[in-house]
Q: 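Below is the structure I would like to discuss, written out as structure tokens.
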Amino acid sequence: MTPAVLQQAFALVLDPYVLWVIVAAAAYGLFVGAIPGLTATMATALLVPVTFFMPPVPAIAAIVTATAMAIFAGDIPSCLLRMPGTPASAAYADEAYAMTRKGQAEAALGASLVFSVIGGLFGTAVLIAAAPALAEIALQFSSFEYFWLVILGLSSAVFLAIGNPVKGVVSLLLGLLVASVGLDNPAAFPRFTFGSAELTGGLTLIPIMIGMFAFSEILRNVAAMERPWEMAQAKIGNVFRGMWTLARRYPMSILRGSALGTAIGALPGAGADIAAWMSYAVSKKFSKEPEKFGTGHVEGIVEAGAANNSAIAGAWIPALVFGIPGDSITAIVIGVLYIKGLNPGPTVFMQKAPEMYAIFVVFILANLLMIPLGYAAIKGAKQLLRAPRELLMPVILVFCIVGAFAINNSLFGVVLMLAFGLIAYVMEENGFPVAPAILGMVLGAMLEENFISSMIKSDGRLLAFFERPIAGALGALTMLIVAWPLARAWLRRNRNREALL
Amino acid sequence: MKINDALAGAALAALGAAVLWHIQGFPPMPGQKFGPAWFPGLVAGGLIVCGTLLVAARLRAAAPAPLLALPAWMRRARPVASVASVVAGLAFYVLAADMLGFHITAAALLLVWSRLLGAAWKLALPVALAATLVIHLAFYKLLKVPLPWGLLERVVF
């Protein structure tokens, strides 16, 4: 990175239009995040049709800012309604509400805000340091290494998903099946098109994602609409009071939460929600007072609140360097990057250096902006949460329609959104996680392409996948990750059998 | 809607089998071991294996489960009507948007949906009109998305 690049990057961000977009996206993110049932991924999916018509930097800036804000804002209704605003806040929603009941809403919200900012900045720092460095290494990668990276990503998505791993694999396979529709394969043979012109180009991902992340969420909301929200009475003054003391009392929690969050974010398929669950559990395990967890104790909020915001930035590392999304938000972002000519991959840091560093600057800016805007959102929370859902949901639905239509200006997009929204709804109802399916759709073509071109290079010898040093190491690592849970399940079953005898 | 794992597994295995059958017609890539059928074939095989595993796990489980269990909200009229109206409304949009146009269809849907979800007329009507106008300005005017005019075409142009 040269000073000239940095100067260009700042010039790209400090443009009045871009700054205006950032502020608008921040307000949008705070609103979507704070309303229970509207998620950060949904915010991204609905933002894409709008960013379509923007230059690259403001388009990406809008998504970065909106998601960072939404993940923080998800903590607000946890405190006031005992309902997480986004799944990323679910891990400690009960804890936050217990604090409110003890009259400590101010401290809970303050901790959420301050440690979200710190976690976000930590994740950003790792992103800035790691992404260009990884890109240097990745320059030497060939189809063999990329094949393993994709496999590694797909398997981590399955094993990090909560619940039955077989269902995770099913979800992944369905995603891969969707990815194989159309002409876009090494042989350019039209697969599963059934003579339809709409299907020849493959299924467009953005309408599918609007369906899976926005429409299915609306269905859930509408089904549960009868129950009114009950807001806790809480007096909220200066939320920053006492935060310095907290930071001094829990330095390890902050560091551990931020580091774990960044790592989970960077692992494909797992995002802010899983980062928060894991961090909350880790925090309890290492705490000096684990018995206080669940009774309105701030320690877990500090750690998990930092973790979910750091995961947001962490997810961009594999997304930018390899084109492998770290979470469902970046799964959507990768599509936007391609459309904007910022094709992810190691060379993007050389060819589009100013734009890449501009994204980093936006990350820093968004996290700093969270302090005043997040404070304002906390102050206005009661009005915000009174937004009439019976009017809001229909309007969002029409946004879904227009967004799905706008990608190709075709009603087929709306059909896709409807179909995949229903599929995602039924899947989640039955314990099939949606994230692996999304990853499969995004990575399917990459998997097949790298496999076929590797096979062409090596004349069909499968062992070639282990002959290059990095490829071999990645391959071994993948097999270890896949074999470990299987071995553990087998051991456990044997032990149970012994215990029975 | 809770579907029994055995039923879901059988359906997934059937899907895998159907894909396997369908890809038999895919041509090979000349001179290559792996043609266009390889990748979907692998996926289909995986679906058959996983589907079978789900069926087996369900059959081994001691506690019986119904083939299909409806969630609590499906037994009450209000939420069923709301959810049905959302799905039917989207289908209606797909069928009618080109003829009626975006503006009429969207405003009508907004009105029906917000009324069904419990909004009063005096709020539902102005919000339906205002939201349609705002989306028109944002997407049609600003972002140049060619939202269909339909019936209004003759009025506007």
Q: Checking heavy atoms, do the side chain of B:Ala97, its backbone, both or neither come under 4.5 Å from chain A?
A: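 Side chain of B:Ala97 only, per the 4.5 Å heavy-atom cut-off to chain A.
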Q: Which of the residues B:Val145, B:Leu143, B:Val127 is involved in the greatest number of heavy-atom pairs with chain A at under 4.5 angstrom?
A: B:Leu143
Q: Quick one: which of B:Leu15, B:Val80, B:Val83 has the most heavy-atom pairs under 4.5 Å with chain A, could you say?
A: B:Val83
Q: Rounded at 0.5 Å granularity, tell me how far CE in A:Met427 sits from CD1 in B:Ile3.
A: 11.0 Å
Q: Can you tell me how far apart CZ (A:Arg220) and CH2 (B:Trp73) are? Round to the nearest 0.5 Å.
A: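 Between atom CZ of A:Arg220 and atom CH2 of B:Trp73 there are 11.0 Å.
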Q: Please state whether the side chain, the backbone, both or neither of A:Met417 comes within less than 4.5 Å of a heavy atom of chain B.
A: side chain
Q: Between B:Val43 and A:Ser180, does a side-chain contact (heavy atoms from CB on, under 4.5 Å) hold up when you go through it step by step?
A: CA-CA 10 Å; B:Val43 173; A:Ser180 65; over 6 Å; no
Q: List the atom of A:Leu391, the atom of B:Ser114, and the distance in Å for their closest heavy-atom pair.
A: CD2-CB, 3.8 Å
Q: Could you check which of A:Met54, A:Arg191, A:Met455, A:Lys167 has the highest count of heavy-atom pairs closer than 4.5 Å to chain B?
A: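 Most heavy-atom pairs under 4.5 Å with chain B: A:Arg191.
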Q: I'd like to verify something: which residue of A:Leu174, A:Asp459, A:Ile401, A:Ile452 has the highest number of heavy-atom pairs under 4.5 Å with chain B?
A: A:Ile401
Q: Between A:Val402, A:Leu176, A:Leu172, A:Val395, which shows the greatest number of heavy-atom pairs under 4.5 Å with chain B?
A: A:Val402
Q: How about B:Cys50 and A:Leu173: do any of their side-chain heavy atoms sit closer than 4.5 Å?
A: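 Contact flag for B:Cys50/A:Leu173 side chains = yes.
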Q: Between A:Leu219, A:Leu397, A:Ile218, which residue shows the highest count of heavy-atom pairs closer than 4.5 Å to chain B?
A: A:Leu397
Q: Atom CD of residue position A:Glu428 - does it have more than 12 heavy atoms of other residues, nucleotides or ligands inside 6.0 Å?
A: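 Atom CD in A:Glu428 is packed in, count exceeds 12.
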Q: If I compare all heavy atoms of B:Pro27 with all of A:Phe189, which pair ends up nearest, and what's the gap?
A: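 Taking B:Pro27 first and A:Phe189 second, the nearest heavy atoms are CD-CE1, 3.2 Å.
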Q: Select, from B:Trp38, B:Tyr93, B:Phe102, the one with the greatest count of heavy-atom pairs under 4.5 Å involving chain A.
A: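 The answer is B:Trp38.
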Q: Identify which of A:Phe53, A:Phe405, A:Phe399, A:Phe52 forms the greatest number of heavy-atom pairs closer than 4.5 Å to chain B.
A: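 Option with the top pair count is A:Phe53.
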Q: If you take all heavy atoms of B:Phe139 and A:Pro49, which pair is closest and at what distance?
A: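 Looking at all heavy atoms of both residues, the shortest contact is CE2-CB, 4.2 Å.
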Q: Please identify, among B:Thr132, B:Ile23, B:Leu12, the residue contributing the most non-hydrogen atom pairs under 4.5 Å to chain A.
A: B:Leu12
Q: What are the two closest non-hydrogen atoms of A:Glu429 and B:Lys2, and how far apart are they?
A: O-NZ, 2.8 Å
Q: Counting heavy-atom pairs under 4.5 Å with chain B, which one of A:Phe192, A:Tyr425, A:Phe432 comes out on top?
A: A:Phe192
Q: Say you draw a straight line from CG of A:Asn164 to CG of B:Asp5; how long is it, rounded to the nearest 0.5 Å?
A: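 A:Asn164 CG to B:Asp5 CG: 7.0 Å, rounded to 0.5 Å.
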Q: Please state whether the side chain, the backbone, both or neither of A:Phe451 comes within less than 4.5 Å of a heavy atom of chain B.
A: side chain
Q: Between A:Phe412 and chain B, with a heavy-atom cut-off of 4.5 Å, which part of the residue counts as in contact: side chain, backbone, both or neither?
A: neither
Q: Quick one, B:Trp113 and A:Val222 - any side-chain contact, counting heavy atoms below 4.5 Å?
A: no
Q: Which of the residues B:Leu53, B:Leu109, B:Val87 is involved in the greatest number of heavy-atom pairs with chain A at under 4.5 angstrom?
A: B:Val87
Q: According to salt bridge (Lys or Arg N to Asp or Glu O under 4.0 Å), does anything in residues 89-107 of chain B pair up with another residue at least two apart or in another chain? List the pairs.
A: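 Passing the test, one end in residues 89-107 of chain B: no pairs.
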Q: Please classify the contact of A:Leu447 with chain B as side chain, backbone, both or neither, using a heavy-atom distance under 4.5 Å.
A: side chain
Q: When you measure from the side chain of A:Asn185 to the backbone of B:Pro36, do you find a donor-acceptor pair of N or O atoms at a distance under 3.5 Å?
A: no
Q: Answer with side chain, backbone, both or neither: which region of A:Ile456 has an atom nearer than 4.5 Å to a non-hydrogen atom of chain B?
A: both
Q: Less than 4.5 Å to any heavy atom of chain B: does that hold for the side chain of A:Leu177, its backbone, both, or neither?
A: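 Contact with chain B is through both the backbone and side chain of A:Leu177.
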